[in-house]
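Whatever order the structure lists them in is the order used to number ligands and atoms, beginning at 1. All values reported here derive from a predicted model rather than from experimental measurement.
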Amino acid sequence: MRQVIIAGNWKMNTSKEEADTLVMGILSGMADVKSKVIVCVPSPYMSQVEALIVHSQLNLGAQNLNINASGAFTGEISADMIKDFGVQYVIVGHSERRSLYGETDEIVAQKVQVALDNNLTPLFCIGELLEDRESGNTQVIVSKQIQAVIDQVGIDAFKNIIVAYEPVWAIGTGVTATPQQAQDTHVFIRSMLAEHDADIAQTTPILYGGSMNLSNAAELLNCKDIDGGLIGGASLKAQDFLQICKAG
Ligand code: PEP
């Protein structure tokens, strides 16, 4: 039985004060949440969020990491740095990193490797563009993205990887994949993992991301192969985020 995982991706949002208010709001409603809940916060706010969530059920995540351990990489953040703040999870391969910062499947695979080498759990994001879906290439794109990671870290490493299927056309657009579209792709992802290892295919959590919100979360999370959500916009409102956490 796979545990439901709900991860909030705050992206480049909130101020110092808003980060406090958001975390306090989430904490105030966590008592009856059964899912594992992760907040992936902007780097400058990691320290304050770490202090707020200590001894709580909330887990801390980062939104990126550099493949190098240290050195002349202006503006970047290393695995050791994020671990200093109690981070256990890191988003890798988000479509915004792929499209805006040129992260290829190979770079993403290296980042997954670095995360694992540092005992961080990667939230490994994959997903197709609208044109890929419309031309019937969803499975081709998604398998290429997964294969790059399997080639880099091996199938066994998926014991410590959370996959997030995020169709790019659904991220931040208000257009959500239908439960059937999401379920079908999750089944495909699991079948691809099963070609390498049947047990790993069954135990790997596969989250859905892309305009998940209050109104569609329950239906999506009810699908057999959808094990949780990676939530952008709706993770910035404590009450909405909590309702999604409770829908799982
Ligand atoms: C995301 O950025 O991972 C995401 C799913 O965003 P949104 O929920 O806003 O579509």
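In summary, of the residues considered (N64, L65, V149), a side chain to side chain contact (heavy atoms under 4.5 Å, CB included) with V92 occurs for L65 alone.
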Side-chain donor/acceptor pairs under 3.5 Å, residues 16-33, sequence neighbours excluded:
{"from": "E18", "atom 1": "OE1", "to": "S15", "atom 2": "N", "distance (Å)": "2.9"}
{"from": "D20", "atom 1": "OD1", "to": "Q48", "atom 2": "NE2", "distance (Å)": "2.9"}
{"from": "T21", "atom 1": "OG1", "to": "E17", "atom 2": "O", "distance (Å)": "3.0"}
{"from": "S28", "atom 1": "OG", "to": "G25", "atom 2": "O", "distance (Å)": "2.7"}

Identify each donor-acceptor pair in which a side-chain atom of residues 158-165 lies under 3.5 Å from a protein atom, sequence neighbours left out, and give them as a table.
{"from": "Y165", "atom 1": "OH", "to": "E128", "atom 2": "OE1", "distance (Å)": "2.8"}
{"from": "Y165", "atom 1": "OH", "to": "E128", "atom 2": "OE2", "distance (Å)": "3.1"}
{"from": "Y165", "atom 1": "OH", "to": "R133", "atom 2": "NH2", "distance (Å)": "3.2"}

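Distance check, rounded to the nearest 0.5 Å: SG of C125 to CD of E103 gives 10.5 Å.
Two residues are said to be in side-chain contact when any heavy atoms from C-beta on lie closer than 4.5 Å; N222 and P179 fail this criterion.
Around ligand 1, the residues contributing at least one heavy atom under 4.0 Å from the ligand are N9, K11, H94, E166, A170, I171, G172, G209, G210, S211, L230, I231, G232, G233.
The list of side chain to side chain donor-acceptor pair (under 3.5 Å) pairs with a residue in residues 71-84, not counting sequence neighbours, reads N66-E76.
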